[in-house]
Colleague: 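Before anything else, here's the structure in question.
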Amino acid sequence: MPLQIVHHPDYDAGFAVNHRFPMSKYPLLMQALHVRGLIQAEALSMPEPAPASWLKLAHSVDYVDQVITCSVPEKIEREIGFPVGPRVSLRAQLAAGGTVLAARLALVNGIACNTAGGSHHARRAQGAGFCTFNDVAVASLVLRAEGAAENILIVDLDVHQGDGTANILKDEPRAFTFSMHGERNYPARKIASDLDVALPDGTGDAAYLERLGAILPELSAKARWDIVFYNAGVDVHAEDRLGRLSLSDDGLRARDAMVIGHFRALGIPVCGVIGGGYSTDVAVLAARHAILFEVAATFA
Ligand SMILES: [Zn+2]
């Protein structure tokens, strides 16, 4: 079976190429997936923008309205890292809609991936750290509200701690947040997940994978998970501009195979989102994000 992939051309909000946020990675990732033969027309879906009612399950009414009407206060825009104009607003609604769609496809097909998502620094009351809406928190709460999933596990392996997801889901006993991240990285003030593992600078492939391999069985033993959201941020890579954990391409591949393989072997659906990745060479960065899809395709 081909891997179910969710994508929208407007995930790319068209920033200048020298912007700190490498927006062009979205079209370049699609190009990389085409080159690898991973895009099959019958397994490619395009999301609709998430309706406000979904976004308001995870975010405050005021903040959702501010993003939709492009009237986010400047102070919050500075924390996000870019102004929220019409394209950024649309992109945030589409990415959240995309993760909901990918989650639904994962429930049916066992695995599906969004070519965006993992905006884990967006908290209930505002965005932050290049994240406008928290797509994984939105999707978790939509699935819960619809009764499509009861017990939800979030495995967040982006190099940055999943503070926003922890903030939004802290009162949701059926959603378990796990974040493994660089101890010295953004955000300076972390918000406790249900389980946090902070790694020292320079943790390489071997130590990283050993730690992860020990934790996965603990996570699967906690509940009968109906779905796992996997944030496969590639900013753990040695050449990432913001990461500090020194993983190689092979390390990334082994990590993705370990996570997806673990949960698929237990019959648990996995919804993959790409998370963070920062490099001035955006084609190389897109190829790094493509690893998630290459690995996921072997489990489709
Ligand atoms: Zn990150």
Side-chain angles (χ1 to χ4, degrees), residues 11 13 15 19-26 28-29 79-82 88 91-92 95-96 98-99 113-123 126-138 154-169 177-193 195-203 208 211-212 229-249 251-252 255-256 259 271-282 284-292:
Y11 283 170
F15 287 1
H19 194 282
R20 288 187 305 137
F21 186 83
M23 193 58 88
S24 60
K25 75 182 185 180
Y26 298 98
L28 287 172
L29 171 58
E79 283 190 55
I80 294 174
F82 37 71
V88 168
R91 170 194 140 64
T99 298
C113 293
N114 190 4
T115 61
S119 298
H120 60 169
H121 300 306
R123 309 191 290 270
Q126 68 166 90
F130 300 142
C131 302
T132 311
F133 288 136
N134 194 316
D135 55 289
V136 167
V138 169
I154 290 146
V155 174
D156 184 344
L157 299 186
D158 185 282
V159 84
H160 302 100
Q161 197 251 350
D163 58 340
T165 318
N167 166 256
I168 294 170
L169 297 176
T177 53
F178 165 60
S179 173
M180 188 160 93
H181 49 265
E183 187 171 19
R184 294 186 51 216
N185 230 313
Y186 178 95
R189 197 178 315 143
K190 302 183 172 35
I191 297 171
S193 310
L195 177 63
D196 282 295
V197 173
L199 299 172
D201 287 3
T203 302
Y208 184 97
R211 198 74 192 267
L212 181 61
F229 287 94
Y230 173 37
N231 182 331
V234 298
D235 41 15
V236 290
H237 195 275
E239 280 156 38
D240 192 88
R241 210 155 50 72
L242 302 183
R244 297 160 172 269
L245 292 187
S246 309
L247 264 67
S248 68
D249 282 358
L252 276 181
R255 175 194 73 165
D256 293 352
V259 173
C271 172
V273 296
I274 69 169
Y278 305 90
S279 172
T280 43
D281 189 335
V282 187
V284 168
L285 175 62
R288 230 171 260 159
H289 279 299
I291 292 172
L292 165 67

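When a ligand or atom number is given, it counts from 1 through the structure's own listing order. When a residue number appears, it is its place in the shown sequence, counting from 1. Just so it is clear, the structure is predicted and the values come from calculations on it, not from any experiment.
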Colleague: Give the atom name of whichever N/O/S atom in D158 sits closest to the Zn ion (ligand 1).
Modeller: OD1
Colleague: Please name all residues satisfying salt bridge (charged side-chain N to carboxylate O under 4.0 Å, His left out) with E239, sequence neighbours left out, ordered by chain then number.
Modeller: R288
Colleague: With side-chain contact (heavy atoms from CB on, under 4.5 Å) as the test, pick out the partner of D256 among L157, L292, V234.
Modeller: L292
Colleague: Restricting to N, O or S atoms, which atom of D235 is closest to the Zn ion (ligand 1)?
Modeller: OD2
Colleague: Counting backbone and side chain alike, does H160 bring an N/O/S atom below 2.8 Å of the Zn ion (ligand 1)?
Modeller: yes
Colleague: Does D249 have any salt bridge (charged side-chain N to carboxylate O under 4.0 Å, His left out) partners at least two apart in sequence or in another chain, and if so, which?
Modeller: none
Colleague: Closest heavy-atom contact between Y278 and P22?
Modeller: CD2-CD, 3.7 Å
